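As a basis for the values below, the full set of heavy atoms in this structure was taken, side chains included, without hydrogen atoms, waters or symmetry mates. FYI, the numbering just counts along the sequence from 1. Fair warning: this is a prediction, and the values are worked out from it, not measured in the lab.
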Amino acid sequence: MEQPLGLVYEEARHNTIQPIQGSIQSILIIDPTTGYTKTENANDDENYDDTCHEWEWDTAYETSRLQLAHENLEVKFHPGFSTGTAAVRGNKPMTSGKHHWWEVKMLTPVYGTDVMVGVGTAKADLLSTGENFCSLLGRDKESWGFSYRGYIQHGGISKEYSTCFHQNSRVGVHYDGWQGTLEFFHNGNPLGIAFTGLQNLELYPMVCSTAAKSRMRIINSCSVSATLQLHCLSLLKSHQKKELLELYPGLKYKIENIFSKILQKVKDEDEDIELQYHTACLDDFDFALVGCKPLRKQHIMNEENLIELLPSSSSNLPAILL
């Protein structure tokens with residue numbers, strides 16, 4: 001059973017909070033200097049070897065056209081010369097009801113007919129195009145792909161989506177298994193929702209390439225349960241998260257992990273004027289939690305007025321406000 005939010009705040013007060021059920025075991029922290037992600041004890045090298053890896057590439061797809069290395073995190077396509085399209089998928093599916101995030105880095109020049117990153121079902125055919133140069137992911141209805149040329153594809157239909165990615169690009173994928181959406185990222189920047197309607201599907205991470213000697217490597221892969229608490233955190237702006245963290249350092253694992261950035265729904269440039277009273281940084285969070293519209297939030301001056309605006313039952317309030 002998930003830990004009550006009030007208890008989370010109480011633990012945070014004493015800086016003894018532990019990751020609650022549904023959180024990833026190796027928390028990915030956002031590096032403020034690079035915008036990339038790593039665990040707290042990760043070294044500042046480009047490989048980020050200490051980051052979380054929930055899955056790796058499936059060795060069942062190794063052929064003369066595709067080689068795996070570095071504990072199956074790195075894939076090399078067409079080691080000699082290219083005669084078609086090679087592809088590989090992850091060895092574990094991404095289940096519904098969770099947020100899934102994974103990111104790959106393009107280690108070599110990206111060129112040729114196509115290099116793609118995406119997802120697909122267990123029925124996606126990845127082995128029949130070895131003698132055919134094609135844009136494999138999204139060619140049918142069993143997969144969804146993002147091309148290095150900047151377009152997305154599904155069911156054989158492609159459309160423009162973003163700018164191109166290239167060597168040293170980091171391509172991120174966020175699959176929201178609760179809402180059924182798929183979004184891609186380029187060097188940590190969101191590109192917008194690419195596909196919808198993916199609810200109740202078990203999808204595998206997938207990549208493909210027609211380029212000879214092309215290589216890419218999984219930088220990180222992780223997941224977390226879709227919860228109300230996570231949704232509420234996504235409604236906080238950066239300055240509110242910062243203030244909350246200063247008051248309760250134990251919430252670091254919730255506020256600074258990668259999903260806090262991926263799921264953020266509010267733009268920082270739309271920041272409200274900072275309020276003066278001590279509960280200001282919790283205001284948006286609490287209203288989101290209890291389901292009240294924050295129409296009068298800037299007029300709340302004390303705890304008594306706050307309770308008057310909330311539903312009759314205050315059992316769901318964070319303990320800090322009670």
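Looking at every heavy atom in both residues, Y204 comes nearest to M94 through C-CE, 4.2 Å.
Taking the salt bridge (Lys or Arg N to Asp or Glu O under 4.0 Å) definition, one finds that E183 meets it with nothing, sequence neighbours left out. Judged as a ring-ring contact (aromatic ring centres under 6.0 Å, His included), and not counting sequence neighbours, F77 has no contacts. W144 meets the side-chain hydrogen bond (donor to acceptor under 3.5 Å, both in side chains) test with H154; sequence neighbours excluded. Residues satisfying the salt bridge (Lys or Arg N to Asp or Glu O under 4.0 Å) criterion with E131, sequence neighbours excluded, are R65. Applying the side-chain hydrogen bond (donor to acceptor under 3.5 Å, both in side chains) test to D125 and every residue at least two apart in sequence or in another chain returns S128. Under the ring-ring contact (aromatic ring centres under 6.0 Å, His included) criterion, F185 pairs with W101, sequence neighbours left out. Partners of Q199 under the side-chain contact (heavy atoms from CB on, under 4.5 Å) rule, at least two apart in sequence or in another chain, do not exist in this structure. Listed by chain and residue number, H99 satisfy the side-chain hydrogen bond (donor to acceptor under 3.5 Å, both in side chains) test with H174 (two or more places apart in sequence, or in another chain). Residues satisfying the side-chain contact (heavy atoms from CB on, under 4.5 Å) test with R149, not counting sequence neighbours, are S147, Y151. Residues that satisfy the side-chain hydrogen bond (donor to acceptor under 3.5 Å, both in side chains) test with T163, not counting sequence neighbours, are absent from this structure. In this structure L191 satisfies the side-chain contact (heavy atoms from CB on, under 4.5 Å) test together with F146, Y161, S162, F184, H186, sequence neighbours excluded.
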Side-chain donor-acceptor contacts of residues 206-214 below 3.5 Å, not counting sequence neighbours, with atom names and distances?
residue : atom : partner : partner atom : Å
S209    : OG   : A211    : N            : 3.0
S209    : OG   : S214    : OG           : 2.8
T210    : OG1  : T113    : N            : 3.2
T210    : OG1  : D114    : N            : 3.1
T210    : OG1  : D114    : O            : 3.2
S214    : OG   : A211    : O            : 2.8

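A salt bridge is defined here as a Lys NZ or Arg NE, NH1 or NH2 lying under 4.0 Å from an Asp or Glu carboxylate O, and R170 with E103 meets this definition.
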Go through the steps for W102 and N220 under the test side-chain contact (heavy atoms from CB on, under 4.5 Å), then give the verdict.
CA-CA 5 Å; W102 57 286; N220 48 62; 5.6 Å; no
